[in-house]
Amino acid sequence: MNYNFKKIEAKWKEKWEQSKLFKTNISTQKKFYVLDMFPYPSGAGLHVGHPLGYIASDIYSRYKKLKGFNVLHPMGFDSFGLPAEQYAIATGKHPEKTTKENSEKYKSQLKNIGLSFDWDRELKTSDYKYYKWTQWIFTKLYNSYYCNIDNKAVPIEELIKEFEKNGNNSIDSPCDVNTPNFDAKDWNNWSEEKQQKMLLKYRLAYLANTMVNWCEDLSTVLANDEVKDGLSVRGGHIVTQKKMNQWVLRITAYADRLLEDLNKIDWPNSLKEQQRNWIGKSSGLNISFNTDKNLNIPVFTTRPETIFGVSFLVLSPEHELINKLCTQNQKEKIEKYQLNCSKKSELDRISNINSISGEFTGSYAIHPFSNEKIPIWISEYVLSNYGSGAIMAVPAHDARDFKFAKKFKIKINQVIKNKTIVKEEPYLEKEGKLINSFFLDNLTVSQATKKIINLVSEKNIGSISINYRLRDAVFSRQRYWGEPFPIYYKKNVPYLIPENELPLILPSIDTYLPTKNGEPPLARAKNWKYKNEYKFEYSTMPGWAGSSWYFIRYLDPNNNDKFVGDKELNYWENVDLYVGGAEHATGHLLYSRFWTKFLHDLSLIPFDEPFKKIINQGMILGESSFVYRINGENTFVSYNLKENYKTTQIHVDITLVEKNILNIEGFKKSRPEYNNAKFICENTKYICGKSVEKMSKSFFNVVNPDKIIEQFGADSLRMYEMFLGPLTQYKPWNTDGITGVFSFIKRFWNLFHVNQTFSISEEAASDEENEILHETIHKIQKDIESFSFNTCVSSFMISVNKLKKINCNKRDILEPLIILLSPFAPFICEELWDKLNPGQSVFNAGFPNYHDKYISKSAINYPIAINGKKRLNLIISDEVSKKDLEDLVLANKKVVQLTAGKMIEKIIIIPGKIINIVAINQNQ
RNA sequence: GCGGAUAUGGUGGAACUGGUAGACACGCUAGAUUUAGGAUCUAGUGCCGAAAGGCGUGUGGGUUCGACUCCCUCUAUCCGCACCA
């Protein structure tokens with residue numbers, strides 16, 4: 001019988017689906033939770049790069065199952081999002097419809113690959129049965145504040161009780177910067193409206209004015225990557241910065257815990273490092289500078305010891321004191337500068353390092369220790385939302401301050417001794433002794449830092465302060481295709497929709513555009529009011545809302561009474577292995593940790609980290625092909641002749657290229673403008689150029705897995721994806737190479753067949769055969785556990801090649817080998833297992849154990865090296881003593897020949913590894 | 001600018017804690033076989049050289065009996081973040 005993968009794969013796909021082989025339930029076994037990052041179902045479907053991580057996690061899941069674990073391995077879709085909405089705007093099709101079509105397509109592609117997902121647990125974020133609970137979590141955030149004393153989130157009722165008793169005087173909790181002090185009397189006298197406004201300043205979900213990229217012509221808000229050089233990418237409309245009242249989540253309250261707890265999870269270091277940098281904790285000192293206008297300017301510095309090096313202050317262009325500091329003759333310039341900055345997006349403002357700009361306010365600060373006059377400037381390199389929005393500039397010891405001082409010819413005071421000439425370049429190290437610093441002179445940096453901190457607090461002009469780079473997370477989107485907020489407004493004050501009235505269903509609207517007066521699309525919904533009276537919130541939640549907790553919902557996806565059942569939660573707990581791309585480092589992975597910690601604080605879940613271990617898979621890159629068109633002509637010149645002309649490089653669809661040779665007829669037909677194209681060829685062939693880049697529709701280099709499966713089968717696709725290289729690395733796809741694993745699979749099949757007939761021997765295995773088997777078991781187990789799947793495939797090839805050579809078809813050997821291979825190539829293994837053990841599934845078998853006695857060998861093929869360079873091999877029994885070994889080696893003819901005329905200085909014997917003879921020339 | 005990774009044949013890659021560099025494949029060369037298929041099998045294939053031998057893991061140095069592996073220098077490519085005071 002020939003290996004007919006089409007028949008085999010179709011058969012088992014159906015059988016597994018019918019028998020619900022991959023359905024999981026709570027049991028008494030040990031659990032293991034394997035999760036893939038949530039895909040967004042795009043209209044283009046899967047390409048060959050997408051399933052890389054899914055195949056890896058599938059192999060690991062199946063391995064864990066064979067090892068006796070109860071494995072949870074679910075899949076679903078992050079189905080809210082911008083592309084579906086934009087498609088809806090363009091075509092009028094409801095995003096729900098396209099989302100459904102796209103996820104069905106994804107699902108069928110994933111099933112073709114033979115991934116062992118429990119599809120009964122499938123979920124979609126856009127399903128109201130799911131987003132009911134996303135809304136519910138929002139109500140919990142809204143109804144909580146963060147207590148710094150307990151260091152956790154606490155229900156807002158506790159805060160109200162405290163306000164009623166003592167006002168907010170003894171509250172230690174992050175809140176709005178403009179929160180006034182009040183006592184119980186004030187609180188109890190306030191109207192409900194005023195009380196609600198005060199509470200909003202403390203909630204973990206609160207309203208705040210935040211800057212957005214506003215596009216007047218489109219009357220909508222744009223994302224950073226939709227804006228370039230102050231214009232919208234689509235259409236080139238002017239984009240300005242505008243403040244907008246939006247929902248914000250107080251993630252900064254968790255900054256320290258998010259940072260600290262990185263130490264207790266098994267994530268790649270680079271990922272942890274990215275989160276650390278994103279949170280960006282830095283400790284320093286807040287110091288107040290008085291000014292000639294008698295105003296206090298607080299500045300934040302991490303280098304307080306350089307206080308005597310300050311030669312100017314810089315405020316951010318939005319700083320609230322600028323109006324008061326700005327003198328009459330500087331006013332015009334300052335206002336012009338401020339206006340200029342407001343036109344730039346934050347991204348533009350900070351991306352241009354080399355153009356230094358700023359304006360002098362006309363005012364001076366007074367140095368708190370030397371009483372010197374210090375000019376006050378404004379510049380866009382100081383950000384209003386970090387620290388206090390103002391800095392003390394020390395050009396001798398800070399790179400940006402240095403550039404600024406050079407440009408505006410401000411003096412540069414060196415205060416730390418070093419060989420660097422600070423007139424030419426700044427000295428940035430925190431090493432050396434202080435100079436020009438009065439009472440700090442001759443102290444080291446750390447001594448001076450301590451001393452200045454003490455003095456500043458004694459003088460009552462500043463205090464130690466910890467700053468985070470992390471900002472609170474804006475949670476509103478002016479879009480249609482997202483979760484509606486369970487919020488309505490009464491007298492402009494937000495109120496929650498009661499829990500028992502959730503979900504608040506996303507209403508239908510006629511068109512998905514914002515309204516003419518700039519309200520989000522939901523303002524178009526007809527008769528959409530709470531109790532027919534109160535306006536709902538019109539913005540929707542961002543894409544990351546649904547993906548911040550989906551891993552919890554998988555435990556109990558169909559529960560209509562709770563977001564997850566207790567039994568399920570306590571059995572499955574958090575994710576043991578999470579596989580996905582590193583690009584989510586500071587988005588999804590941080591928000592999920594935040595929500596997990598929050599839910600844990602309210603005792604809703606028993607764990608406070610979502611993902612115990614993460615593996616980042618690398619990307620599979622595509623190989624793009626190019627043709628070269630002579631500028632101004634419809635003539636294409638072959639790759640090696642293109643230097644003779646001025647040409648433009650154009651992507652050509654890789655399906656029209658084989659072994660770098662262009663299918664000219666196909667190319668002509670591909671686009672009307674190529675119909676009459678001419679070609680300058682090399683030996684009648686047109687050679688294309690190529691390069692490796694991201695696999696993308698726009699580069700015409702995508703390879704569809706369905707086509708690969710059609711030609712070689714899913715088992716070959718799975719094994720080839722793993723064989724390409726280490727899971728975590730970036731690597732190019734090359735379809736030609738798949739023939740290697742395809743013929744391996746056929747060779748494996750042929751082990752079970754003699755003259756095309758299924759044939760298996762019941763004879764006992766020989767030592768040689770056992771050796772092959774047990775070495776393979778050992779290697780496969782080790783490599784799966786270290787996620788080295790590429791070397792697993794090599795070992796399978798090696799052992800099958802060896803077994804083929806000795807024509808082994810013994811059950812004792814082949815049966816365990818099927819189990820070993822089944823996580824990688826499930827279809828063929830199930831088929832062969834079924835022939836050996838009719839009616840049983842290989843996935844209910846146990847992973848075989850290896851025996852050391854077959855792995856250790858008594859004779860060693862010793863490599864013999866002379867001066868570290870291997871020269872020959874000698875087979876020597878491991879019972880030979882060291883002394884005998886030396887004699888044996890020195891007596892060898894080849895050794896004698898190679899060491900002739902040299903003196904043998906010593907012999908190094910590393911047992912079981914190598915023998916090295918150190919020989920030196922005698923005449924030297 | 002800062003941070004992180006990576007660099008090994010024509011190509012993808014292997015080499016466990018310093019111990020045989022190039023496993024396993026693709027490609028290529030030669031041959032066998034065949035119902036001409038993107039089939040199967042055999043042998044060869046790092047580079048230079050007729051051979052002996054020499055040279056080889058991005059560059060230059062160092063430690064070591066021995067370095068792809070450890071240390072220093074430089075270079076290139078990719079990725080991430082955006083002036084974080």
Side-chain angles (χ1 to χ4, degrees), chain A residues 224 268-271 273-274 276-278 280-282 284-285 299-303 306 314 316 346-347 349-354 356 379-383 385-394 397-401 403-404 467-470 582-583 585-586 618-619 621 623 658-659 692-693 711-712 720 723-726 728-744 746-747 750 779 782-783 786 788 790-798 801 861-873 905-910 912-920:
Chain A
N224 278 339
N269 267 328
S270 57
L271 207 62
E273 201 53 31
Q274 279 186 71
R276 283 192 194 105
N277 292 337
W278 189 263
K281 183 178 183 173
S282 61
L285 194 62
V299 304
F300 175 68
T301 178
T302 54
R303 299 289 305 273
T306 61
V314 190
S316 72
E346 188 182 329
L347 213 73
R349 243 178 81 175
I350 54 194
S351 58
N352 217 342
I353 276 168
N354 293 323
I356 291 143
S379 171
E380 60 182 5
Y381 84 89
V382 175
L383 303 179
N385 51 17
Y386 184 77
S388 58
I391 62 157
M392 57 177 228
V394 184
H397 305 288
D398 180 279
R400 283 155 308 149
D401 297 347
K403 280 185 183 170
F404 196 87
N467 262 291
Y468 297 94
R469 179 188 176 274
L470 185 72
E583 68 273 17
T586 52
M619 199 186 282
L621 304 169
E623 199 166 73
E658 214 183 322
K659 296 191 176 165
V692 169
E693 51 194 350
Q711 284 182 79
F712 302 100
Y720 186 51
F723 188 59
L724 278 179
T728 52
Q729 243 165 262
Y730 279 62
K731 58 234 158 196
W733 176 268
N734 176 6
T735 302
D736 294 342
I738 200 172
T739 53
V741 289
F742 185 53
S743 55
F744 154 75
K746 279 189 285 188
R747 243 175 291 144
N750 288 337
K779 172 90 173 142
K782 203 181 76 189
D783 286 358
S786 56
S788 177
N790 54 328
T791 52
C792 285
V793 180
S794 305
S795 333
F796 282 127
M797 289 173 169
I798 293 168
N801 287 348
N861 193 7
Y862 259 111
I864 314 295
I866 293 167
N867 295 332
K869 182 97 189 160
K870 190 201 90 173
R871 295 295 171 174
L872 64 150
N873 284 76
E905 202 179 63
K906 57 178 162 178
I907 300 180
I908 292 154
I909 299 171
I910 312 294
K913 293 272 188 189
I914 198 169
I915 297 166
N916 190 19
I917 301 164
V918 185
I920 49 170

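Just so we're on the same page: letters track the sequence lines, and every chain starts at 1. Quick caveat, the model's predicted, so the values are computed rather than measured.
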Atom pairs, protein N/O to nucleotides 18-22 of chain B N/O, distance under 3.5 Å:
residue : atom : partner : partner atom : Å
B:U20   : O2   : A:K870  : NZ           : 3.2

Please write out each protein N/O paired with an N/O of nucleotides 25-36 of chain B under 3.5 Å, distance rounded to 0.1 Å.
residue : atom : partner : partner atom : Å
B:A25   : OP1  : A:N801  : ND2          : 2.7

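Glycosidic conformation, B:G66: anti, with the torsion outside 90° of 0.
Rounded to an integer number of Å, the gap from NE2 of A:H397 to C1' of B:A85 is 15 Å. In this structure, the CD1 atom of A:I866 is 18 Å from the P atom of B:C65, given to the nearest Å. Distance A:N467 CG to B:C83 P: 14 Å, rounded to the nearest Å. With rounding to whole Å, A:Q729 atom CD is found 13 Å from B:C79 atom C1'. A straight line from NZ of A:K779 to P of B:A14 spans 10 Å, rounded to a whole angstrom. The nearest whole Å value for the distance from the CG atom in A:L383 to the P atom in B:C83 is 5 Å. In this structure, the OH atom of A:Y381 is 17 Å from the C1' atom of B:C2, given to the nearest Å. For the pair A:R469 CZ and B:C83 P, the computed distance is 7 Å after rounding to whole Å.
Every side-chain contact (heavy atoms from CB on, under 4.5 Å) that A:L285 has, sequence neighbours left out, goes to A:I287, A:T301, A:P304, A:I453, A:V456, A:I464. Every side-chain contact (heavy atoms from CB on, under 4.5 Å) that A:T302 has, sequence neighbours left out, goes to A:S282, A:F300. Partners of A:E693 by salt bridge (charged side-chain N to carboxylate O under 4.0 Å, His left out), not counting sequence neighbours: none found.
Straight-line distance between the P atoms of B:G54 and B:C72: roughly 33 Å, to the nearest whole Å. When the P atom is used for both B:G22 and B:C47, the distance is 14 Å, rounded to whole Å. Of the C1' atoms belonging to B:U35 and B:U29, the separation is 27 Å, rounded to the nearest Å. B:A23 sits 15 Å from B:A43 when the P atoms are compared, rounded to a whole Å. A distance of about 16 Å separates the P atoms of B:U57 and B:U20, rounded to the whole Å.
Between A:N867 and A:R303, the residue anchored closer to the 5' end of RNA chain B is A:N867, taking for each the nucleotide with the nearest heavy atom. Across the interface with RNA chain B, nearest-nucleotide mapping of A:A390 and A:E273 shows A:E273 to be the residue nearer the 5′ end.
For A:S270, no side-chain nitrogen or oxygen approaches OP1 or OP2 of B:G3 to under 4.0 Å. Here A:K782 does not reach the OP1 or OP2 of B:C16: none of its side-chain N or O atoms lies under 4.0 Å away. Within the structure, a side-chain polar atom (N or O) of A:R400 is placed less than 4.0 Å from OP1 or OP2 of B:C84.
Side chain A:Q274 to base B:G4: no donor-acceptor pair is found below 3.5 Å.
Classification of the A:F404-A:Y381 ring pair by plane angle, with boundaries at 30° and 60°, yields tilted.
Residue contacts shown for A:N790 are limited to sugar-phosphate atoms, with no base heavy atom under 4.0 Å away.
Distance from the side chain of A:V918 is smallest for B:C65 among the nucleotides B:C65, B:G12, B:C83.
Remark: RNA chain B forms stems of 3 or more consecutive Watson-Crick or G-U wobble pairs, all pair distances under 3.5 Å, at B:1-7 with B:75-81, B:10-12 with B:24-26, B:27-32 with B:40-45, B:46-48 with B:53-55, B:60-62 with B:70-72.
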Tell me, with the steps shown, if A:R469 and A:W278 meet side chain to side chain contact (heavy atoms under 4.5 Å, CB included). CA-CA 7 Å; A:R469 179 188 176 274; A:W278 189 263; 3.3 Å; yes
